[in-house]
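These notes are about the structure you will find just below.
Letters go in sequence order (proteins before strands), and every chain restarts at 1.
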Number of protein chains: 2
Amino acid sequence: MNGKQMIENDVSTEEKIKIAARKLFQEKGFDGTKTRDIAKESGINIALLNYYFRSKQKLFEIIAAEAVKDLFFNLLTILENEDSTIDHKLSQFVEHHVDLLKSNPNLIHFVLSSSHENNPTVESLLNDFKIKAIQSSFASQYIQYAKENKLSESPVHYLLNIVSLTVFPLMIKRLFEGGFDIDPKIYDELLEERKILIPKWIKGMSEA
Amino acid sequence: MNGKQMIENDVSTEEKIKIAARKLFQEKGFDGTKTRDIAKESGINIALLNYYFRSKQKLFEIIAAEAVKDLFFNLLTILENEDSTIDHKLSQFVEHHVDLLKSNPNLIHFVLSSSHENNPTVESLLNDFKIKAIQSSFASQYIQYAKENKLSESPVHYLLNIVSLTVFPLMIKRLFEGGFDIDPKIYDELLEERKILIPKWIKGMSEA
DNA sequence: GTCTATATAATGATAGAC
DNA sequence: GTCTATCATTATATAGAC
């Protein structure tokens, strides 16, 4: 058995390429990222990229698929937890996304941009997720919750509000900090505060 | 005077190019848009594009600058109106942006993407706007308002919430409709409802 | 598996005729 | 002002040696 190429405690070439590709695609998008840049960033050459992934397009699709999963997989887990109340799911949703997007600020932008550019791979992955979410136990749990709490507006508003309040501030983090010499910690603290504030606000909104 | 090239009731070549460029840049970004595509879309050829705008880059900068202005110019007018209360400005803000982004759904995405990709032109335009907003009469008016209403949280949260609730649902309009056969009118009606609901919600949040 | 060299295609921009 | 033809560069992908 001398085929063992991936040494323990090290990173395989394939993974090196993926790491570089992920970084560049998420920063500059598909068209803005050149295979040469990926090769340089990962310390290999273009031939190897094609050896492992056959084409830039195929490599992109792998990266995009993983990004969608990163963004949505844990979300489904949260939504489908049968032992959790709607209120608890709300708290978890906010906490999870603030943490996730603080550590990977480009993730949402990448997924939104890719779907915006009518990327079929991303579109179909997003669609799969939407179907799963609608079919999940969360849907019926939420309907029950809305009845009990006599939520007057459409449930779509309720969900839109939660996502908007949580995700949008993470999307404009750079915009907020750019230009001035604002310490990134200030905005990070603000985001931490929102983990607690958003559930509180959502309550207040329903009662308004 | 035979130099009159722009015929009444018609569109100049320069404008034709800009219209095509605006559409494509906003859909596909700088790197995704090819000069040949712009030429084809506007019914002219690449040579003319360079004749009028010297380069793809310069054309992009013009389009990007106009997009930032479209997004922010009216906003400053709303904020700086001395005869308007904070509450009224809030209503105007929501109404204005729902209308603006319904008619031009790509505008925000384009501006956010461009700033995301560290486009210096867009960055500097956004920065100019931020300075103007901070220096505007709105800033002091808001501080006064916050005191009177004893708003407990940071004013940044207050502003973030308004923008998040207003803008984010417009950013994911396509995402929401895509995949299923959802009538776009449904989401449009939802957005219309938000013109009235968001100011109400914001009140409720402050009191939570 | 990894590299260098190269084929093939596309892209931005210009020259020069009309 | 507008066009066709063309150049120079860059990009993706592959061939073939090691």
Distance-only donor-acceptor pairs under 3.5 Å for side chains of residues 65-74 of chain A, two or more places apart:
{"unit_1": "A:E66", "atom_1": "OE1", "unit_2": "A:R22", "atom_2": "NH1", "d": "2.9"}
{"unit_1": "A:E66", "atom_1": "OE2", "unit_2": "A:K18", "atom_2": "NZ", "d": "2.6"}

Using the ring-ring contact (aromatic ring centres under 6.0 Å, His included) rule, take B:F25 and B:F110 through it: C-alpha gap first, then chi angles, then the decisive distance, then the call.
CA-CA 8 Å; B:F25 280 138; B:F110 177 64; 7.2 Å; no
Among C:dT2, C:dA13, D:dC3, the nucleotide that comes nearest once only the side chain of B:L48 is considered:
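The answer is D:dC3.
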Nearest listed nucleotide, side chain of B:R36, among C:dT11, D:dT14, D:dG1
C:dT11
Provide, to the nearest angstrom, the distance between the [atom1] atom belonging to [X] and the [atom2] atom belonging to [N].
X: A:Y51; N: D:dA17; atom1: OH; atom2: P; result: 17 Å
X: B:I38; N: C:dT11; atom1: CD1; atom2: P; result: 12 Å
X: B:R54; N: C:dG12; atom1: CZ; atom2: C1'; result: 12 Å
X: A:F53; N: D:dT12; atom1: CZ; atom2: C1'; result: 16 Å
X: A:D31; N: D:dT10; atom1: CG; atom2: P; result: 18 Å
X: B:K34; N: D:dT9; atom1: NZ; atom2: C1'; result: 14 Å

Check DNA chain D against residues 40-47 of chain A and give the residues with a non-hydrogen atom under 4.0 Å, in numerical order.
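Under 4.0 Å from DNA chain D: A:I46, A:A47.
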For DNA chain D, what residues of residues 15-30 of chain A have any heavy atom nearer than 4.0 Å?
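DNA chain D contact set from residues 15-30 of chain A: none.
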Within a reach of under 6.0 Å around [atom1] of [X], are more than 12 heavy atoms found that belong to other residues, nucleotides or ligands?
X: B:K132; atom1: NZ; value: no
X: B:K173; atom1: NZ; value: yes
X: B:K89; atom1: NZ; value: yes
X: B:Q57; atom1: CD; value: yes

Lys/Arg N to Asp/Glu carboxylate O, A:E192 vs A:K102, below 4.0 Å
yes
N/O (side chain, B:T35) to phosphate O (OP1/OP2, C:dG12) under 4.0 Å:
yes
Is A:T13 close enough to C:dT2 that one of its side-chain N or O atoms is under 4.0 Å from OP1 or OP2 there?
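Yes.
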Side chains of B:R194 and A:H157: do they bring a donor and an acceptor to under 3.5 Å?
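Yes - a donor-acceptor pair under 3.5 Å links their side chains.
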Using every non-hydrogen atom in the two residues, find where A:P169 and A:S164 come nearest and quote the distance to one decimal.
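For A:P169 and A:S164, the tightest heavy-atom pair comes out as CD-O, 3.6 Å.
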